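Single-structure report; data block below.
Here the structure is a predicted model, which is why all the values come from computation and not from measurement.
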Amino acid sequence: MEIERWERSEEISDAEKKVIQDIWSRVYANCEDVGVSILIRFFVNFPSAKQYFSQFKHMEDPLEMERSLQLRKHARRVMGAINTVVENINDSEKVSSVLALVGKAHALKHKVEPIYFKKLTGVMLEVIAEEYPNDFTPEAHGAWTKMKTLIYTHVTAAYKEVGWAQ
């Protein structure tokens, strides 16, 4: 699969960064549960994504996925990486570095098609909006949309850097 046109992330304002961090502090307090919800929805909506996970690629039942220790472990890793990005949102070099590591690992080691990052970050926004409806105002949605694009842009830039070709 070819990498889509290289998107550029919009600048996230200081006010938007604060909104992202405020909402994330509530989300991250329930890190594992929210992470598991995100991954289950991701795998239900995009079952082809399970091909990259030998431990749970044959699971169809969301309850079985929810009980999977491997899925829970991966959810914690995903949420931890996002937490590092959110905590360091004012340090663009740190954000780039963290997301480059994620991108390179998924390109070189796991051979994951980059489009799945766009799909996963979209699911992440859906789940956060549903779980925290009072916090997810139109302004928050705009800020998180920029965050989603920032994650996808940096991760896929790492794919380009390593000469991704499947």
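Taking the side chain as every heavy atom from C-beta outward, Lys111 and Gln51 never approach each other to under 4.5 Å. The shortest distance between side-chain heavy atoms of Leu71 and Val36 falls below 4.5 Å. Considering only heavy atoms from C-beta on, Val44 comes within 4.5 Å of Pro62 through its side chain.
The side chain to side chain donor-acceptor pair (under 3.5 Å) search around Asn30 returns Tyr132, not counting sequence neighbours. The side chain to side chain contact (heavy atoms under 4.5 Å, CB included) test applied to Val19 returns Ile23, Ala140, Ala143, not counting sequence neighbours. Taking the side chain to side chain contact (heavy atoms under 4.5 Å, CB included) definition, one finds that Glu64 meets it with Met59, Asp61, sequence neighbours left out. In this structure Phe56 satisfies the ring pair (Phe, Tyr, Trp, His ring centres under 6.0 Å) test together with Phe43, Phe53, sequence neighbours excluded. With sequence neighbours excluded, the residues forming a side chain to side chain contact (heavy atoms under 4.5 Å, CB included) with Ser13 are Ala15, Glu16, listed by chain and number. Applying the side chain to side chain donor-acceptor pair (under 3.5 Å) test to Gln21 and every residue at least two apart in sequence or in another chain returns nothing. Looking at residues two or more places apart in sequence or on another chain, you find a side chain to side chain donor-acceptor pair (under 3.5 Å) between Lys104 and Glu161. For His58, the ring pair (Phe, Tyr, Trp, His ring centres under 6.0 Å) test picks out no residue, with sequence neighbours left out. The side chain to side chain contact (heavy atoms under 4.5 Å, CB included) check on Ser25 picks up nothing, with sequence neighbours excluded.
With salt bridges taken as basic N to acidic carboxylate O contacts below 4.0 Å, none links Asp22 and Arg26. Salt-bridge formation is detected for the pair Lys50/Glu60: a Lys NZ or Arg NE/NH1/NH2 atom is positioned less than 4.0 Å from an Asp or Glu carboxylate oxygen.
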Decide yes or no on salt bridge (charged side-chain N to carboxylate O under 4.0 Å, His left out) for Lys119 and Glu113, but give the supporting numbers first.
CA-CA 11 Å; Lys119 293 174 180 180; Glu113 292 179 34; over 6 Å; no
Kindly determine whether Met147 and Leu125 satisfy side-chain contact (heavy atoms from CB on, under 4.5 Å), including the steps that lead there.
CA-CA 10 Å; Met147 178 65 146; Leu125 256 62; over 6 Å; no
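Residues Val95 and Ile89 share a closest heavy-atom pair of CG2-CA, 4.1 Å. Contact record, Val102 with Ala81: CG2-CB, 4.4 Å, taken as the closest heavy-atom pair. In plain terms, the two heavy atoms of Trp164 and Ala107 that are nearest each other are CZ3-O, 3.3 Å. Shortest non-hydrogen contact noted between Tyr159 and Gly103 is CE1-O, 3.6 Å. In terms of heavy atoms, Ala75 sits closest to Gly35 at CB-C, 3.5 Å.
Within the structure, salt bridge (charged side-chain N to carboxylate O under 4.0 Å, His left out) pairs that include any residue of residues 72-83 comprise Glu32-Arg72, Glu32-Arg76 (at least two apart or interchain). A salt bridge (charged side-chain N to carboxylate O under 4.0 Å, His left out) check over residues 79-95, counting only residues at least two apart or in different chains, returns nothing. Listed by first and then second residue, the ring-ring contact (aromatic ring centres under 6.0 Å, His included) pairs that reach into residues 79-111 are His106-His110, His106-Phe117, sequence neighbours excluded.
At least one donor-acceptor pair under 3.5 Å links the side chain of Asn88 to the backbone N or O of Thr84. In terms of modelled atom types and a separation under 3.5 Å, the side chain of Tyr152 and the main chain of Leu120 share no donor-acceptor contact.
Atoms CG and OG, from Leu39 and Ser68 in turn, are 10.0 Å apart once rounded to the nearest 0.5 Å. One finds the CD atom of Glu131 at 12.0 Å from the CZ atom of Phe136 (value rounded to the nearest 0.5 Å). How far CG of Asp33 is from CD1 of Ile38: 11.0 Å, rounded to the nearest 0.5 Å. Here the CG-CG distance, from Asp14 to Asn90, works out to 6.5 Å after rounding to the nearest 0.5 Å. Taking CD1 from Ile20 and CG from Leu150, the interatomic distance works out to 8.5 Å, rounded to the nearest 0.5 Å. Between atom NE2 of residue His141 and atom OG1 of residue Thr137 there is a gap of 10.0 Å, rounded to the nearest 0.5 Å.
Between Trp144 and Trp24, the angle of the ring planes lies from 30° to 60°, which puts this pair in the tilted group.
Tyr52 and Phe46 fall within the same hydrophobic cluster, where Ile, Leu, Val, Met, Phe, Trp and Tyr residues are linked whenever their side-chain heavy atoms come under 4.5 Å apart, directly or through other members.
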